[in-house]
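Okay, structure first, notes after.
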Amino acid sequence: MSVPAKAERSMTDAQIVEAYLTASMIPDPDAAAAYMKPGTVITFTGGREFDHPRGPTGFNAKRYRWVKKKMDRFDVCPGADETVVYSVGTLYGEWMDGTPFEGNRYVDRFVVRGGQIVKMDVWNDSAERILVQRGIEA
């Protein structure tokens, strides 16, 4: 997505989240950042905090050869001044050793205010899958 979210005023909050995730999967963290208010805190798996989509992109580059999201649904919870949008689905891709994977559950929680993402929280089963790969019962 090369057009920043601010220019796309007709987008719903769920569409803003979907556009952010789509740009993130390219990966194009700078395009993804156009959908976020500057300084937004992204709390990633394991409680890691980032202030720009480059943070999760860099972390993922250490964990996966490549990874994409199969976005199954968006649950939208409108509030008076903000909307909470959950993206629920699965991850697929390749581990660093080239082993393919799919069906890795994820939930991303976004807070959208004034047409921009102002908070993001990320959870997935990757850590448990890595433990199983290493013979540790998860």
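In what follows, residues are counted from 1 in the order of the sequence shown. A quick note: this is a predicted structure, and the numbers were derived from the prediction, not measured. Quick note: numbers below take in every heavy atom, side chains included, and nothing from hydrogens, waters or symmetry partners.
- Between P56 and F44, the closest heavy-atom pair is CB-CE1, 3.5 Å.
- Remark: side-chain polar atoms of T40 are not paired, donor with acceptor, to backbone N or O of M36 under 3.5 angstrom.
- Every salt bridge (Lys or Arg N to Asp or Glu O under 4.0 Å) that R65 has, sequence neighbours left out, goes to E94.
- Between I130 and E128 the shortest side-chain heavy-atom distance does not fall below 4.5 Å.
- Residue F74 is tested with L21, V88, D108 for a side-chain contact (heavy atoms from CB on, under 4.5 Å); the sole match is L21.
- Other residues, nucleotides and ligands contribute at most 12 non-hydrogen atoms within 6.0 Å of the CG atom of D81.
- Formation of a donor-acceptor pair under 3.5 Å by the T99 side chain with backbone atoms of W95 is not found in this model.
- A cation-pi arrangement is found for K69 relative to Y106, the charged atom lying closer than 6.0 Å to the ring centre and inside a 45° cone about the ring normal.
- Put simply, OG1 on T90 and NZ on K70 are 5.5 Å apart, with the number rounded to the nearest 0.5 Å.
- One hydrophobic cluster holds both V107 and V111 under the rule that ILVMFWY side chains link at heavy-atom gaps under 4.5 Å.
- Under the 4.5 Å side-chain heavy-atom criterion for grouping Ile, Leu, Val, Met, Phe, Trp and Tyr, F59 is connected to V122 within one hydrophobic cluster.
- In this structure, OH in Y35 is found 10.5 Å from OG in S24, a value given to the nearest 0.5 Å.
- To the nearest 0.5 angstrom, S10 atom OG is 7.0 Å from Q15 atom CD.
- In K37, the NZ atom is not crowded: 12 or fewer heavy atoms of neighbouring residues, nucleotides or ligands sit closer than 6.0 Å.
- In this structure, E18 and M71 have side chains that are in contact, with non-hydrogen atoms separated by less than 4.5 Å.
- At a cut-off of 3.5 Å, with distance as the only test, a side-chain donor of N104 or S126 sits close to an acceptor on the other residue.
- Put simply, the side chain of V76 reaches to within 4.5 Å of the side chain of T83, judged on heavy atoms.
- In terms of hydrophobic clustering, with Ile, Leu, Val, Met, Phe, Trp and Tyr side chains grouped at heavy-atom distances under 4.5 Å, Y20 and V118 are assigned to different clusters.
- Contacts classified as ring-ring contact (aromatic ring centres under 6.0 Å, His included) and involving residues 112-134 (residues at least two apart or in different chains) are not found.
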Please tabulate, for side-chain N and O atoms in residues 47-55, each donor-acceptor pair with protein atoms closer than 3.5 Å (sequence neighbours left out).
{"residue": "R48", "atom": "NH1", "partner": "T45", "partner atom": "O", "Å": "2.4"}
{"residue": "H52", "atom": "ND1", "partner": "R54", "partner atom": "N", "Å": "3.0"}
{"residue": "H52", "atom": "NE2", "partner": "R54", "partner atom": "NH1", "Å": "3.3"}
{"residue": "R54", "atom": "NH1", "partner": "D30", "partner atom": "OD1", "Å": "2.8"}

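- Taking both residues in full, the closest heavy atoms of G115 and I16 are given as O-CD1, 3.4 Å, listed atom of the first, atom of the second, then distance.
- Between R73 and D75 the shortest side-chain heavy-atom distance falls below 4.5 Å.
- Side-chain contact between Y92 and V67 is absent, with no heavy-atom pair separated by less than 4.5 Å.
- Side chains of M120 and T43 form no contact here, defined as non-hydrogen atoms less than 4.5 Å apart.
- Here the CZ atom belonging to R113 is positioned 11.0 Å from the CG atom belonging to D13, to the nearest 0.5 angstrom.
- Atom CG of residue L91 and atom CE of residue M25 lie 9.5 Å apart, to the nearest 0.5 angstrom.
- Ring centroid separation for the pair Y64 and F101 comes in under the 6.0 Å cut-off.
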